[in-house]
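Only heavy atoms go into these numbers, but all of them, side chains included; no hydrogens, no water, no symmetry mates. Order of the sequence lines fixes the chain letters, A, B, ..., with proteins taken first and strands second; residue numbering starts at 1 for each chain.
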There are 2 protein chains.
Amino acid sequence: MEKIDYTSRHHQIALYAKALAHPARVAILEFLAARECCFFGNLHDVLPIAKATVSQHLSVLKESGLIQGEIKPPQVRYCINKENWDIARDLFGLFFNDLKKIECS
Amino acid sequence: MEKIDYTSRHHQIALYAKALAHPARVAILEFLAARECCFFGNLHDVLPIAKATVSQHLSVLKESGLIQGEIKPPQVRYCINKENWDIARDLFGLFFNDLKKIECS
DNA sequence: TTACTTGTTCGCAAATATACGAACTGTTCG
DNA sequence: CGAACAGTTCGTATATTTGCGAACAAGTAA
């Protein structure tokens, strides 16, 4: 039997999933999306974690491509990266919806 | 400013995301869904990892609720858990689609 | 019974993730 | 200039994840 390699799709889904794999990051994305954009301080104010930790989670989200940050001295404004957000949405959408015949006999 | 607690939705999305956060598990789910169900051996045959590791990933997926295993001596048959799969699909669907007004000014 | 087949569990090592305070950078304000 | 403000980065501690071989458990076949 032939071993398979993980496809780039597998990797991409896994990477976006990893970005969503912590409640703080889910909350950040939700908060960001609801208000379009917001500053680091707004996020730190509502999240139950230290600012260093908030910064770290934002860093993970930035690396995943789901958000972007813009320096507006003396603050930093974060917002959803719409392009990658759409890519992630489509990846998950296809992944969850295009699997037919799911019935265990 | 009021701190928020992570909601159970945040936690649930994070948990499902964590289940998808490894290429092997994405591949397993895809493989499972394409063939409805299959045995441990089929998965081990196609995945580039040791059987102990396959078992571990299956365990993670089982705990997430996305799949279920049934012992059919001497084999174990795994398949998608449709109920939870639908829940996850809806969670991600709402999460990615119900965020309007995503534009960074 | 013994041997084999199928898959899980154990024990360990290495890598990654999470969290925080303290120190730091860069900007603004007095 | 020095103080205050907004965030990031550093260093560290702890927990979780990933991966594997070896040992194990359960069922089947001889």
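Between the CG atom in N42(B) and the CG atom in L47(B) there is a gap of 10.5 Å [rounded to 0.5 Å].
By the 30° and 60° cut-offs, the orientation of the rings of H57(B) relative to H22(B) is tilted.
Counting 5' to 3', DNA chain D first comes under 4.0 angstrom of a heavy atom of chain A and last does so at the ends given by dA6(D) to dT9(D).
Rounded to whole Å, atom C1' of dA19(C) lies 12 Å from atom CZ of R25(A). Taking atom CG of residue D45(B) and atom P of nucleotide dT5(C), one finds them 14 Å apart after rounding to whole Å. Protein atom CZ of F39(A) is 14 Å distant from nucleotide atom C1' of dT27(C), rounded to whole Å. With rounding to whole Å, I49(A) atom CD1 is found 7 Å from dC20(C) atom P. Here dA19(C) presents its P atom at 13 Å from NE2 of H44(A), a figure rounded to the nearest Å.
Tested against F95(A) for a ring pair (Phe, Tyr, Trp, His ring centres under 6.0 Å), the candidates F96(B), W85(B), Y16(B) yield a single pass: W85(B).
H57(A) has a side-chain polar atom (N or O) that falls below the 4.0 Å cut-off from OP1 or OP2 of dA19(C). The phosphate of dC20(C) (OP1 or OP2) has a side-chain N or O of T53(A) nearer than 4.0 angstrom.
Contact between K72(B) and F39(B) at its shortest, heavy atoms only, is CB-CE2, 4.5 Å. Considering every non-hydrogen atom in both L66(B) and A88(B), the closest pair reads CD2-CB, 4.0 Å. Nearest heavy-atom pair across N81(B) and G65(B) is CB-O, 3.1 Å.
Residues from residues 8-23 of chain A with heavy atoms under 4.0 angstrom of DNA chain C, sorted by number: K18(A), H22(A).
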### Task
Dump the intermediate steps for side-chain contact (heavy atoms from CB on, under 4.5 Å) on V76(B) and E70(B), then the final yes or no.
CA-CA 6 Å; V76(B) 179; E70(B) 188 189 359; over 6 Å; no
### Task
Would you please test Y78(B) and K62(B) for side-chain contact (heavy atoms from CB on, under 4.5 Å) and show each step?
CA-CA 9 Å; Y78(B) 285 98; K62(B) 251 191 302 184; 3.8 Å; yes
### Message
As a quick check of understanding, evaluate side-chain contact (heavy atoms from CB on, under 4.5 Å) for L91(A) and Q12(A), giving each step before the final call.
### Response
CA-CA 8 Å; L91(A) 274 175; Q12(A) 232 185 331; 4.0 Å; yes
### Task
For side-chain contact (heavy atoms from CB on, under 4.5 Å), just list the numbers for L43(B) and L58(B), CA-CA rounded to whole Å, side-chain angles, deciding distance to a tenth of an Å, and then say yes or no.
CA-CA 10 Å; L43(B) 288 164; L58(B) 286 168; 3.9 Å; yes
Please tabulate, one pair per line, each protein N/O and nucleotide N/O from nucleotides 8-14 of chain C that are separated by under 3.5 Å, including the distance.
| residue | atom | partner | partner atom | Å |
| --- | --- | --- | --- | --- |
| dT8(C) | OP1 | Y78(B) | OH | 2.3 |
| dT8(C) | OP2 | S55(B) | OG | 2.7 |
| dT8(C) | O5' | S55(B) | OG | 3.4 |

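Map P48(A) and P74(A) each onto its nearest nucleotide of DNA chain C; the residue landing nearer the 5' end is P48(A).
Side chain of N97(B) to backbone of L94(B): no donor-acceptor contact under 3.5 angstrom is found.
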